[in-house]
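Per chain, numbering begins at 1; letters A, B, ... match sequence-line order.
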Amino acid sequence: MDLTPRPLGLKSDDTLRLVSWNINSVRARIHHVEHLIETYQPDVICLQETKAMDDVFPSKIFQKLGYEHRALHGQKSHHGVATLSRIKHTNEAKINWCEKGDARHVQVDVGGFELHNFYVPAGGDEPDVTINEKFAHKMQFLAEMETWAGSLNKPTIMLGDLNIAPLEHDVWSHKALLKVVSHTPVEVEAMNRIFKAHDWVDAVRHFYDDDSTKLYTWWSYRARDWKAANKGRRLDHIWVSNSLKPALKDATIATNLRGVEKPSDHAPIILDLDKSKLPDA
DNA sequence: ATGGTTGGCGTCCAA
């Protein structure tokens, strides 16, 4: 079975290509980044779970590959996000979600929109806020995102590892996962509230709008054969303001990068935007 | 079948 939803067409000069990828350690997988860049030539790369402080982030390698503009929000051992760009970005900022000091967000202005790169807490094993502090943290994070989304007043793209698979066909088995953190109704409802708090478009599902199409971005390391089992979940997302909808060109999930040696457990997700239909930068 | 694997300044934790 071919897991790639649909290959992207050749990248043309009028395309702005965005990638979001939970890389699970940027240092362990720097060659995978090089492979991603060779294959797709993205203009902007948003990474999550970089697991590296800014002083050990492989900035020189990205510089050499043409990503001169970097917004790093790193943390030792855990979390960490980074937005790397070939085009100039401005107004770099970080939000301290849940007042925990975790490196789970970085934003920039680029390409005529605000770009927010997120790593939402996974939430632990037990979907019960009264006994699982990690799940309580996840729910609080989502509540803060709802308020944040309601306050947006510019064309915005938000993306990253949101650690929720909202739709029935965003998981391999809706029924089997109803009580599994990432697909519980309480999480999906919280995600839907964020979706309603701003005029969002789910930019990846937009190109596969037949809701019966299974789309996954993550496959557990624990499966003997991830591809054969194909018990995936769509945990990674790109949402764009409705005002940016005319610029949407194509999207895909780069499952080839889940199949390489020592892969991340997440595949990159890729969005192509029509530069001529974006607001002036 | 409640297992299984991965990365990190790590000898367990979080994912």
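- Taking atom C1' in both B/dA14 and B/dG4, the straight-line distance is 16 Å, to the nearest Å.
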When every nucleotide of nucleotides 7-15 of chain B is labelled 5' to 3' by its protein contacts under 4.0 Å (heavy atoms), B for base, S for sugar-phosphate only, - for none, what sequence of letters results? SSS----SB
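- Contacts of A/Asp128 classified as salt bridge (charged side-chain N to carboxylate O under 4.0 Å, His left out), with partners at least two apart in sequence or in another chain: none.
- No side-chain heavy atom of A/Trp226 sits less than 4.5 Å from a side-chain heavy atom of A/Tyr221.
- Taking atom CH2 of residue A/Trp218 and atom P of nucleotide B/dT5, one finds them 14 Å apart after rounding to whole Å.
- For A/Arg234, the salt bridge (charged side-chain N to carboxylate O under 4.0 Å, His left out) partners two or more places apart in sequence, or in a different chain, are A/Asp170, A/Asp202.
- A/Asp272 pairs with exactly one of A/Arg6, A/Lys11, A/Lys249, A/Arg17 by the salt bridge (Lys or Arg N to Asp or Glu O under 4.0 Å) rule, that one being A/Arg17.
- Taking atom P in both B/dG7 and B/dG3, one finds a spacing of 23 Å when rounded to whole Å.
- Between A/Cys98 and A/His137 there is a side-chain heavy-atom pair separated by less than 4.5 Å.
- Between B/dC9 and B/dA15, the two P atoms lie 15 Å apart (nearest whole Å).
- As rounded to whole Å, 12 Å separates atom P of B/dT6 from atom NE2 of A/His32.
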Apply ring-ring contact (aromatic ring centres under 6.0 Å, His included) to the pair A/His183 and A/His174, showing each step before the final yes or no. CA-CA 8 Å; A/His183 192 62; A/His174 174 62; 5.0 Å; yes
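- Here the separation of B/dG10 from B/dT6, taken at their C1' atoms, is 13 Å to the nearest Å.
- The CD-C1' distance, from A/Glu126 to B/dT2, rounds to 12 Å in whole Å.
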